[in-house]
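Inspection log for the structure reproduced underneath, given as structure tokens.
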There are 2 protein chains.
Amino acid sequence: MPKPSIELTESEWTIIKAVWDHEPCAAPAIQEKLHKQTAWTYSTVRTFMDRMVVKGLLAAEKVRNLTLYRSVVTREQAQRGELFYALKHAFNGALTPMVQCLLDTRSLSADELEKLESLIKAKKKSARK
Amino acid sequence: MPKPSIELTESEWTIIKAVWDHEPCAAPAIQEKLHKQTAWTYSTVRTFMDRMVVKGLLAAEKVRNLTLYRSVVTREQAQRGELFYALKHAFNGALTPMVQCLLDTRSLSADELEKLESLIKAKKKSARK
DNA sequence: TTGACATCTCTACAAATGTCAAGCAAGGTC
DNA sequence: GACCTTGCTTGACATTTGTAGAGATGTCAA
């Protein structure tokens, strides 16, 4: 069965995004990559990654003296998890208000609006079938 | 200045939603209201609420032997906070993919799609001005 | 073989979060 | 006045999250 629902902390997002971009990869590479952004030491990064393995977010494989990590959940799964968390808690599962809120808050370019509209049109078409 | 960005834990969401619905209200009422859902004891609810006061999410006022709570952040603020958290972390701030994901995952009724479309149309109109 | 590096392992600790029990205070009741 | 009820206060403890140092170990070059 698919994972029930994936939730990531802020730090975990940071890590997993880096992993997705470099997969498979070792901890030192990730820490170096993130160092500018986060100033985390190797130990910190490593702890996060190992904990994420325990949680089933990453997988680790030993190669010689190196531990290679790769993601177990896809970007899409994680995105969905996050989105549903918001949908469920903040909007009680109601989609329209959520989109409403999105539109209200960010000033979208005409371009973006156009894109959204065509997304919906496409969806309608495929639904109607 | 407005709060920088509001983030709530799952428990905090549970509490604040109950508060919004009953504002102003006392802790015993909230715990009773939530008891079915959560099975939290009075102590637990009370602890959450008091911590939320410290964080500036709720305000407390003493009336006789009763403590009345009310929300400091509005539903809209909290919704926005949650949504932006997702937008920022899961979608790197890109709105279109976020909506895409929404559309892809949930099967929307024709009705909902209709509604979304008109939301966007309205937005376009007001933007064009 | 002896360093010099790169990497790993282990351990620790503080803060935040989730959970609650036990005892205390004040108001109404018989 | 003794008691029950209702709500409050305090303190506690486990778990998760954020953060990291110190020392062990493996690898390769000179």
Side-chain angles (χ1 to χ4, degrees), chain A residues 3-19 22 24-70 78 81-82 85 89, chain B residues 3-19 22 24-70 78 81-82 85 89:
Chain A
K3 305 237 179 304
S5 93
I6 294 158
E7 273 156 45
L8 304 177
T9 67
E10 199 158 0
S11 311
E12 287 169 347
W13 270 110
T14 308
I15 298 279
I16 208 173
K17 285 200 256 185
V19 172
H22 290 301
C25 56
I30 297 293
Q31 102 86 195
E32 195 171 342
K33 168 125 200 275
L34 294 178
H35 188 260
K36 239 172 222 154
Q37 221 185 113
T38 63
W40 287 335
T41 64
Y42 169 80
S43 291
T44 301
V45 170
R46 186 68 200 231
T47 303
F48 282 140
M49 295 181 82
D50 287 339
R51 286 180 186 167
M52 288 170 79
V53 169
V54 172
K55 291 193 194 179
L57 298 169
L58 299 181
E61 173 198 7
K62 263 202 168 111
V63 177
R64 308 253 267 140
N65 67 326
L66 209 58
T67 308
L68 284 186
Y69 293 86
R70 63 191 73 229
E82 194 67 49
Y85 181 91
H89 293 93
Chain B
K3 306 235 178 304
S5 94
I6 295 159
E7 273 157 46
L8 303 177
T9 67
E10 198 157 0
S11 312
E12 287 169 346
W13 269 109
T14 306
I15 298 279
I16 207 172
K17 284 200 258 187
V19 172
H22 290 302
C25 55
I30 297 294
Q31 101 87 192
E32 196 171 342
K33 167 126 200 276
L34 293 179
H35 188 260
K36 238 171 226 155
Q37 219 186 115
T38 62
W40 287 336
T41 65
Y42 169 80
S43 292
T44 302
V45 170
R46 187 65 201 234
T47 303
F48 281 140
M49 294 181 82
D50 287 340
R51 286 181 185 165
M52 288 170 77
V53 169
V54 172
K55 290 192 193 179
L57 298 169
L58 298 181
E61 173 198 6
K62 265 206 168 106
V63 177
R64 310 248 271 136
N65 65 325
L66 211 58
T67 309
L68 284 185
Y69 294 85
R70 63 192 73 231
E82 194 66 48
Y85 181 91
H89 292 93

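Proteins get letters first, then strands, A, B, ... in listed order; numbering begins at 1 in each. These figures come from a predicted structure and were not determined experimentally.
Side-chain contact between Ile15(A) and Trp40(A): present, with at least one pair of heavy atoms (C-beta onward) separated by less than 4.5 Å.
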5' to 3', nucleotides 4-9 of chain C under a 4.0 Å protein heavy-atom cut-off (B base, S sugar-phosphate only, - none) gives ---SBB

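For Trp40(A) and dT19(D), the shortest distance from a side-chain N or O to OP1 or OP2 is below 4.0 Å. Under 4.0 angstrom from either OP1 or OP2 of dG18(C) there lies at least one side-chain N or O belonging to Thr9(B). OP1 or OP2 of dT17(C) sits under 4.0 Å from a side-chain N or O of Lys55(B). Contact annotation: Thr41(A) side-chain N/O to dT19(D) OP1/OP2 distance is not under 4.0 Å.
Here dA16(C) presents its C1' atom at 14 Å from CG of Leu57(B), a figure rounded to the nearest Å. Regarding Arg51(B), its CZ atom lies at a distance of 14 Å from the P atom of dA15(C), rounded to whole Å. In this structure, Glu7(A) atom CD and dT17(C) atom P are separated by 14 Å, rounded to whole Å.
The structure places CD of Glu82(B) at 7.0 Å from CD of Glu82(A), a figure rounded to the nearest 0.5 Å.
Residues Glu61(B) and Arg70(B) are paired through a salt bridge, judged by an N-O separation under 4.0 Å between the basic side chain and the carboxylate.
Looking at heavy-atom distances under 4.0 Å, Thr44(A) makes contact with a base.
Here the shortest heavy-atom pairing between Leu57(A) and Ile16(A) reads O-CD1, 4.3 Å.
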Note, DNA chain D 5' to 3' with Watson-Crick or G-U pairs under 3.5 Å encoded as ( ), [ ], | and . gives ||||||||||||||||||||||||||||||

